[in-house]
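Predicted model, so just to flag it, every value in this text is computed and none were measured.
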Amino acid sequence: MLMQAVVPATLRRQSPAPASQRMPEVHGLFGTIELMGARMSYSRNAEIYGDDEPAEYLYKVVSGAVRICKLLNDGRRQITAFHLPGEIFGLEVGNVHRFTAEAVVDSSIVVVKRSTVVALASRDGDMARQLWAHTARDLQQMQDHMLLLGCLSAKERVAAFLLQIAKRMSAGNEFELPMARQDIADYLGLTIETVSRTMTQLENDAAIGLVTSRRIVLRDRAVLNRVNA
């Protein structure tokens, strides 16, 4: 393992999983993080890294989910992104993190030194292209989120969010949201009451089914796509 012995306090508080639980060997950027990183366990709501902390590591979600957020001066919380299993986060332009990362639920995260990945990318063209593609996807998701907040109605925001999560989870038409409705509200720039009311409206429109508050069935994607058009 190419990680340094000294790690941030947020990592020292966690216990690596046994080697027998390691993911199988794979290739490319994701495989490098798997092979050279250490798997850490984070409990629900635990901080993975904080705003203004050194951005020394990259992270990959193995299980669970992660939210990227910032506490505003007036006490409100803005969630700017969710990361789901198989996704990488923590790559910054500068040397410090601009936001806080927290585990949405009990999560398993692979952690690797950023310098290790950057050094490999400087020698490996394929690795560099994958790193660039990952950065471009992050930028696109950020632009989509800005469009969602700036131009869409509450119903359009919730419909777009459900379609996006279903696609990223590769879950078909039925899936369980890892995040609570307060998290969804803070991501969509809505109140929790508006999110709950909009979910009920979509259920009444026969666009979705609410098995539980988190288990969603997409009953009519055409209706959701029309709402999101």
T198 side chain vs K155 backbone, donor-acceptor pair below 3.5 Å = no
ILVMFWY cluster, L210 and L202 together (side-chain gap under 4.5 Å) = yes
Does any N or O in the side chain of S196 come within less than 3.5 Å of the main-chain N or O of E193, such that one atom is a donor and the other an acceptor?
-> no
Between V66, L84, D183, which is the residue that forms a side chain to side chain contact (heavy atoms under 4.5 Å, CB included) with P178?
-> L84
Give a yes or no on this: more than 12 heavy atoms of other residues, nucleotides or ligands lie within 6.0 Å of atom CG of N95.
-> no
Are side-chain heavy atoms of V217 and E203 found at a separation under 4.5 Å?
-> no
Is the Lys NZ or Arg CZ of K60 less than 6.0 Å from the centre of F89's six-membered ring, within 45° of the axis?
-> no
Does CG in N73 sit with more than 12 non-hydrogen atoms of other residues, nucleotides or ligands closer than 6.0 Å?
-> no
Answer yes or no: does atom CZ of R214 have more than 12 heavy-atom neighbours from other residues, nucleotides or ligands under 6.0 Å?
-> yes
CD on E102 to OG on S43, rounded to 0.5 Å | 11.0 Å
Are R181 and S213 close enough that a side-chain donor and a side-chain acceptor fall under 3.5 Å?
-> no
Does some side-chain heavy atom of M199 sit less than 4.5 Å from a side-chain heavy atom of L162?
-> yes
State, with a plain yes or no, whether a side-chain heavy atom of R67 is found less than 4.5 Å away from one of N45.
-> yes
Minimum-distance pair of heavy atoms, taken over all atoms of Y49 and G90 | OH-CA, 3.6 Å
Q140 vs D144 side-chain heavy atoms within contact, under 4.5 Å = yes
Donor-acceptor contact below 3.5 Å, side chain R157 vs main chain L152 | yes
Hey, is CZ on R44 packed in by over 12 heavy atoms from elsewhere, all under 6.0 Å?
-> no
Answer yes or no: is there a side-chain heavy-atom contact under 4.5 Å between D51 and F99?
-> no
Would you say the side chain of L91 lies within less than 4.5 Å of the side chain of R114, judging by non-hydrogen atoms?
-> yes
Do the non-hydrogen side-chain atoms of V158 and L190 ever get within less than 4.5 Å of each other?
-> yes
Any salt bridge between D205 and R226, counting N to O under 4.0 Å?
-> no
Side-chain contact, heavy-atom cut-off 4.5 Å: F161 with M179?
-> yes
For the rings on F82 and Y187, is their centre-to-centre separation under 6.0 Å?
-> yes
Considering all heavy atoms of both residues, which atom of R221 and which atom of A166 are nearest to each other, and what is their separation?
-> NH2-CB, 4.2 Å
Quick check: does any side chain N or O of E176 sit under 3.5 Å from a backbone N or O of I216, one acting as donor and the other as acceptor?
-> no
Looking only at side chains, do H97 and E92 share a donor and an acceptor under 3.5 Å apart?
-> yes
Where do G37 and V112 come nearest, in terms of heavy atoms and distance?
-> CA-CB, 3.9 Å
Is atom CE of M146 surrounded by more than 12 heavy atoms (other residues, nucleotides or ligands) closer than 6.0 Å?
-> no
